Amino acid sequence: MQYNAMKLIGLLGHPVGHSKSPLMHNIAFKQMGLPFTYAAFDVEPASLESAVKGLRALGFRGANVTIPHKVKVMEYIDKVDDEAKRIGAVNTIVNENGRLIGYNTDGIGYLQSLLEETGLSLASSKVLILGAGGATRAIAFALLGAGIEQLWITNRTIEKADQLAASLYASQKGTASIHALTYEQLPSVLSEASLLVNSTPVGMHPNVSDSPLTEADLSLLPNYAVVSDLIYNPKRTKLLSMAEKIGLQTHEGLGMFIHQGAYAFEYWTGAKAPTKQMRQVVQQALQNE
Ligand code: NAP
């Protein structure tokens, strides 16, 4: 392979040392025999604009963008696709002949993983999400697009949940009811939720014995409810273990990570992503930590 045939993909984040994206994408490129290579760059917020100019100047094929740059990066690229605009964040950039186009693959990645792994029917369903940050915004749009009827958002800082609920309501295409709730109000809605999603970092490594809800809270859910956690390190959080113990179906965050990466891979390469190998390699790396 000629050096100049190599296409480059960068990850722009701060920090990036813990990221499994380089490993996952490089294995996927190799598996598909594609002349691409993926490297992570730790970019301080003050250097983001120069880093984006660098992608253009060096002819990178694209990039992933992660915390804390997903919102700010929209100012420095040439176009933001409609869905990413509605979500208000970009996690994938594609360089089309010098024009940088931004996409968001978090929401569709989550939805793909949820439907594939649980078989849940979302049309007319009632969903409760814990947390009101960037990930909630992305997955809420995807869930609303899939036809849910009711969305409740609970957050430690209730004002953020109020703002997010109002903004989602104003920009949704459908007619779902969307409400913000305090944690204290949860018992009044748990018995109606067919999907509960943890979109907070509570329970994430190294605080693996923490859970955003108690087993008593989970026992209020109907027996057909699915409990989903966006956290993928650990793969099985305390919340999911408790849900499983009382007989509820569970959904892990690893699938979202794999599928957001798979959609980005497809934008850059035009080839179908080898999701099975991507999942295997990330799972193995997490086990070895
Ligand atoms: P974010 O924008 O920082 O939002 C974090 C949310 O969690 C906020 O609503 C925050 O509440 C709440 N929170 C934080 N600490 C809390 C605590 N101790 N108790 C209760 N609530 C707390 O983060 P994000 O980007 O939305 O990410 C959320 C989670 O999703 C993270 O665990 C992240 O790793 C995971 N994630 C996974 C994937 C994947 O591919 N699987 C992708 C994206 C994100 P306040 O508003 O009160 O601060």
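For the single chain, residues carry numbers from 1 onward in sequence order. Quantities reported herein were computed from a predicted structural model and do not represent experimental measurements. Order of appearance sets the numbers: ligands from 1, and atoms from 1 within every ligand.
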Close side-chain approach of Leu111 to Leu143, heavy-atom, < 4.5 Å
yes

Mind jotting down which residue pairs meet the side-chain hydrogen bond (donor to acceptor under 3.5 Å, both in side chains) criterion with at least one end in residues 142-161? Sequence neighbours excluded, please.
Gln150-His179

Please output the residues near ligand 1 using a strict heavy-atom distance under 4.0 Å, listed in chain and residue-number order.
Ile67, Gly131, Ala132, Gly133, Gly134, Ala135, Asn155, Arg156, Thr157, Lys160, Ser199, Thr200, Pro201, Val202, Met204, Leu230, Ile231, Tyr232, Gly253, Met256, Phe257

Excluding sequence neighbours, so at least two apart, what forms side-chain hydrogen bond (donor to acceptor under 3.5 Å, both in side chains) with Arg236?
Glu244, Thr250, Glu252

Nearest heavy-atom pair of Val90 and Met74: which atoms, and what distance?
CG2-CG, 3.6 Å

Residues forming a side-chain hydrogen bond (donor to acceptor under 3.5 Å, both in side chains) with Thr214, sequence neighbours excluded:
Asp217

Could you check if a side-chain atom of Ser113 sits within less than 4.5 angstrom of a side-chain atom of Phe257, using non-hydrogen atoms only?
no

